[in-house]
Amino acid sequence: MSKFEMKEYEEKYCREWKHAFEADPKDGADKFYINVAYPYPSGAMHVGHGRTYIAPDVIARYRRMQGRHVLFPMAFHVTGSPVIGISKRIARGDEKTIKLYRDLYRVPQDVLNRFTEPTEIVKYFSDEYERVMSSCGLSIDWRRRFTTVYPQYSKFIEWQYKHLYEQNRVRKGAHPVKFCPQCDNPVGDHDLLEGEKAEIVKYTLVMFTWGEYKVPCATLRPETTYGVTNLWVNPNVTYKKVLLDGEKWILSPEAAHKLSLQEHEVKEEGEIKGSELIDQKMNHHMCGSVPVLPAEFVDPDMATGIVMSVPAHAPFDYIALRDLQKQGKYTDITPIALITVPGFGQFPAKDAVERSGIADQNDPGMETLTQEVYSAEFSSGKMFPQYGGKPVKIAREEYAELMREKYGSIIMYDFDNHNVMCRCGSRVFVKILKDQWFLQYSDEAWKKQIHEQLNRVELVPPEVRTEFERTIDWLKDWACSRRIGLGTRMPFDKNWLVEPLSDSTIYMAFYTIAHKLLQIEPEKLTPEVFDYVYRGEGSPDNLPIPKETAEDLRKEFLYWYPYDFRFSAKDLISNHLTFQLFHHKALFPENLQPKGMVVFGMGLLEGAKMSSSKGNVFLLEDAVRDLGADTVRMFLVGSAEPWQDFDWRKELVTATKKQIERFHTTVTEGNDASGSCDIDKWLISRLQERVKKTDEALQLFQTRQALQEAYFGIDSDLKWYRRRLPEGVTGSAVLKEVNSVWIRLLAPFIPFTCQNLWEFTGNSGNIAFAQWPTADESKVDEPVELAEELLIRTTEDIESIIKLIEIEKASSITLFVAPEWKYGLFRKIANAEDRNNVIGLIMKDEEMKKRGKEATDATKQITTLIHRLPPDLVGLIEKNDVSEAKVFESAVGFLEREYGLKVKIVKSDESSHPKARQALPFKPAILIE
RNA sequence: GCGAGGAUAGCCAAGUGGUCAACGGCGCCCGACUCAAGAUCGGGUCCUUAGUGGUUCGCGGGUUCGACUCCCUCUCCUCGCACCA
């Protein structure tokens with residue numbers, strides 16, 4: 001088979017299969033609905049995407065051949081903002097982006113010019129996706145293809161959110177987000193140039209008063225306010241006087257700006273130098289009047305730029321105060337302790353500093369030291385009795401609340417240390433987004449339902465279950481509305497778009513009738529229509545669509561739903577895969593909930609992580625063109641199980657191609673064979689086991705294991721088969737039977753080649769619908785397999801001996817077959833309760849007693865042998881009465897031909913040769929001389 | 001840092017208490033075919049060795065007659081940690 005032919009039949013079948021997998025409800029058929037997370041078509045498909053869709057296709061094809069009525073649909077997710085960014089960058093002439101699309105994805109220049117319009121990008125790539133997916137032989141019903149911005153889909157989303165809203169699962173809330181003022185939009189971590197690990201920290205502002213002014217000190221530890229001895233202000237900073245929500249405040253300029261983004265009205269009124277604040281007295285209800293001390297370490301860009309000092313419990317404060325006191329200043333200030341911590345003395349901060357030997361506040365160890373005291377006090381600290389005596393853990397929240405209620409404290413958000421930059425180059429701040437909509441995943445009752453539901457979902461591989469459980473527990477409310485991007489407007493608040501992950505939770509239900517919905521004018525798809533179709537609520541009469549249409553939609557939905565399995569990459573467990581469980585539960589009854597999920601691993605390219613942005617990808621289209629779709633398929637599902645990471649290595653893929661070619665050659669050649677041979681029975685017997693194992697593996701989605709059996713297993717059986725054929729014979733008629741089974745067994749993996757061979761071997765029709773082979777137990781012949789196993793093991797022994805001796809000296813092989821009494825021993829030991837202590841048992845036998853040492857030696861050897869043989873085999877040996885002598889006698893011709901030596905078979909008890917005594921059941925003594 | 005999963009011979013990888021020196025593939029080596037190369041086919045591939053024995057399955061301990069397999073410590077890797085597909 002030349003490369004040319006492989007390509008040729010692949011293209012031919014691709015055309016023929018265009019409509020082959022369109023699935024309509026069929027009465028009496030056992031449906032199987034499988035689906036995959038749809039792609040976001042913003043770039044070309046690479047081989048990593050390939051596996052995501054090929055693995056489910058293999059399963060779809062397997063089930064179809066089993067007689068299941070399979071639905072495998074596909075659509076495109078185009079909601080969200082990435083393509084908007086891409087088109088902007090292309091419009092702006094961004095080198096990197098243009099290079100990626102022009103050179104790596106090979107978008108023609110005229111098309112690229114149109115990419116300044118975001119929808120053009122997804123339009124172009126979704127067509128490309130369909131083309132490439134088809135060329136891979138994916139058995140998809142393409143009539144159901146849609147994108148998430150089709151008006152009919154929007155109607156579906158509106159219907160869904162109307163329900164969620166009515167169920168009170170979508171609520172308005174305010175949340176702090178990372179926000180870029182220049183883009184005027186929240187930014188996710190992937191939008192950041194810098195500071196990706198930055199976290200939003202929630203400070204409590206402790207409001208000191210200074211005359212008519214309020215002086216906010218930001219703290220993470222409001223419970224320590226009783227221990228404040230002074231404030232710290234940076235004398236070199238010029239602070240602002242502002243009117244914040246109508247009150248006079250003093251704070252750093254940066255802080256003023258930050259708070260203006262956090263739902264506060266900030267009006268600038270004037271300035272005041274830090275130095276002017278030094279030595280002023282500030283008041284707070286909880287600590288009284290305290291002085292302001294100078295501190296250059298105070299960062300105006302950190303929270304409010306004014307800090308309260310608790311030298312008893314904060315190492316930083318302690319050292320700073322100590323340094324000033326060393327200069328003879330502020331010697332009247334003494335730390336005020338208010339927390340006891342096991343392992344520390346009266347002043348934990350002082351202890352920690354002295355223990356660590358840190359000399360000054362610029363020491364890099366200060367950070368760790370602070371953390372140490374902070375953690376110790378948080379986990380095991382207790383407030384002094386006069387401050388309530390509660391554990392810090394609890395007191396902190398209580399004080400924070402008290403201070404917000406009584407002492408004018410408010411919350412301020414800021415990043416922890418990091419400088420955060422947007423991709424646009426502008427600095428990112430924390431902004432409170434008000435009126436944002438949230439899905440109430442934090443709702444305990446809802447969570448409980450999902451936990452219960454999860455127990456009924458089949459998960460592959462089973463190990464991911466704990467991760468799902470964790471995710472459900474960990475989920476908080478999810479902001480489900482966006483200002484910009486493509487998508488559907490919230491039906492109850494048209495100012496917001498439904499967030500991209502939030503509009504992709506129940507679209508598997510849309511697939512079931514997508515092709516029909518797309519024929520209906522969107523405005524007719526009212527919530528009442530969907531209520532009837534998807535929930536069976538109301539009546540099909542008086543809907544905007546004809547009654548028959550409504551009933552037909554309802555029927556088809558119920559025919560396919562619930563889906564049987566959903567496939568997705570493992571990184572979606574913590575969002576999409578779990579979200580969809582929540583939404584299914586909210587909208588559909590118990591009998592329509594998801595039944596199973598299969599989670600994928602990631603893809604590597606030559607050992608390195610695949611990444612489009614780094615250009616480290618291999619395009620699926622190129623792979624199919626260069627190596628053939630079947631090669632790509634077989635490699636992607638055969639080199640690792642779906643949930644394991646796979647590594648696309650050119651060398652291995654090329655080897656896969658050769659394997660397919662070998663398969664093709666073997667089948668083609670075997671087709672002409674006729675007649676029959678002794679070994680036929682063995683081959684057919686083995687084949688049943690291969691079929692069974694392949695099937696078992698596929699049932700568990702183990703595509704790799706299935707291929708091991710279906711391809712390599714049968715291949716290696718055939719190897720032994722050919723070796724055992726009489727001289728000059730290349731095969732027998734039995735190969736036709738093997739071929740027929742083999743072709744069908746591999747059809748889910750390499751459908752093109754199998755279709756070609758299917759026709760070559762005289763069949764017609766699409767092999768995708770041919771009958772899946774099943775094992776025929778009546779063809780399993782244990783004695784024959786056992787005899788062959790004995791021969792295989794013996795040849796291996798002979799070969800290892802030949803390898804070790806000087807072969808030119810040898811002229812004959814003698815096989816000494818174990819005597820009957822050793823077989824008796826074998827059975828006795830195999831059946832013994834305790835195989836390790838059988839000597840006593842054996843020696844009760846008078847005959848064995850007479851044999852003496854010979855018997856004890858044999859017992860030891862046989863015990864070891866039994867431990868070393870596969871348990872199944874031990875059972876078979878014991879059960880079947882195979883005459884070793886006969887097996888070897890009939891194989892003398894074969895053995896003599898194999899080794900070019902004279903072969904003699906001798907019963908060991910009829911020989912006086914010392915070697916003969918070594919003979920064991922299933923392990924003849926071998927003498928080569 | 002937290003959560004989940006993982007670490008097996010040159011590489012990939014199977015293997016969950018005795019079937020294990022460890023399936024299979026790749027690479028490499030030898031042989032057959034060929035004028036030759038490639039492809040294909042057969043064999044070999046830890047050290048030793050008449051089919052045996054020894055030392056191996058991230059590091060270090062432990063349980064057991066016996067551990068790649070069970071338990072503990074540590075090291076390293078991958079994924080996720082949210083408003084993003």
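Since the structure is predicted, the reported quantities are computational estimates derived from the model, not experimental observations. In what follows, every chain begins at residue 1, and chains take the letters A, B, ... in the order their sequences are listed.
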Identify every side-chain donor-acceptor pair in residues 572-582 of chain A under 3.5 Å, counting partners at least two apart or on other chains, and give the distances.
unit_1   : atom_1 : unit_2   : atom_2 : d
A/His576 : ND1    : A/Ser504 : O      : 3.4
A/His576 : NE2    : A/Arg566 : NE     : 3.1
A/His576 : NE2    : A/Arg566 : NH2    : 3.0
A/Thr578 : OG1    : A/Ile573 : O      : 2.6
A/Gln580 : OE1    : A/Tyr563 : OH     : 2.9
A/Gln580 : NE2    : A/Tyr563 : OH     : 3.1
A/Gln580 : NE2    : A/Leu577 : O      : 3.3

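By the side-chain hydrogen bond (donor to acceptor under 3.5 Å, both in side chains) test, A/Gln702 pairs with no residue at all, sequence neighbours left out. Not a single side-chain hydrogen bond (donor to acceptor under 3.5 Å, both in side chains) links A/Lys915 to another residue, sequence neighbours left out. Scored by the side-chain hydrogen bond (donor to acceptor under 3.5 Å, both in side chains) test, A/Lys447 finds no partners at all (sequence neighbours excluded). Take A/His583 and apply the side-chain hydrogen bond (donor to acceptor under 3.5 Å, both in side chains) test, not counting sequence neighbours, and it matches A/Gln160, A/Tyr441, A/Thr505. Judged as a ring pair (Phe, Tyr, Trp, His ring centres under 6.0 Å), and not counting sequence neighbours, A/Phe378 has no contacts.
B/G60 sits 13 Å from B/U69 when the P atoms are compared, rounded to a whole Å. For B/C70 and B/A82, the C1' atoms lie 38 Å apart once the distance is rounded to whole Å. Across B/A9 and B/G61, the matching C1' atoms stand 25 Å from one another, rounded to whole Å.
The residue A/Leu475 sits close to a base: some heavy atom pair falls under 4.0 Å. Residue-level contact check: A/Ser81 touches the backbone only, with heavy atoms under 4.0 Å from sugar-phosphate atoms and none from bases. Residue A/His175 is in base contact, counting any heavy-atom pair closer than 4.0 Å across all strands shown. Residue-level contact check: A/Leu572 touches the bases, meaning some heavy atom is under 4.0 Å from a base atom. Looking at heavy-atom distances under 4.0 Å, A/Val187 makes contact with sugar-phosphate atoms alone, never a base.
The side chain of A/Lys658 contributes an N or O atom lying less than 4.0 Å from OP1 or OP2 of B/A39. For A/Lys476, no side-chain nitrogen or oxygen approaches OP1 or OP2 of B/C81 to under 4.0 Å. Between A/Ser574 and the phosphate of B/C79, there is no side-chain N or O to OP1/OP2 separation shorter than 4.0 Å.
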Polar pairs (N or O, both sides) under 3.5 Å between protein and nucleotides 49-52 of chain B?
unit_1 : atom_1 : unit_2   : atom_2 : d
B/A50  : N6     : A/Ile928 : O      : 2.5
B/A50  : N1     : A/Ile928 : N      : 2.9
B/A50  : N1     : A/Ile928 : O      : 3.4
B/G51  : O2'    : A/Asp797 : OD1    : 3.2
B/G51  : O6     : A/Gln918 : OE1    : 3.3
B/G51  : O6     : A/Ile926 : N      : 3.3
B/G51  : N1     : A/Pro924 : O      : 3.4
B/G51  : N1     : A/Ile926 : N      : 3.4
B/G51  : N2     : A/Asp797 : OD2    : 3.2
B/G51  : N2     : A/Pro924 : O      : 2.7

Quick one: what's the B/S/- string for nucleotides 11-16 of chain B, heavy-atom cutoff under 4.0 Å, read 5' to 3'? SSSS--

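At a cut-off of 3.5 Å, with distance as the only test, a side-chain donor of A/Asp503 or A/His77 sits close to an acceptor on the other residue.
For the pair A/Leu459 CG and B/A4 P, the computed distance is 16 Å after rounding to whole Å.
Using a 4.0 Å cut-off between a side-chain N of Lys or Arg and a carboxylate O of Asp or Glu, A/Asp797 and A/Lys923 qualify as a salt bridge.
Under the salt bridge (Lys or Arg N to Asp or Glu O under 4.0 Å) criterion, no residue pair touches residues 461-475 of chain A, with sequence neighbours excluded.
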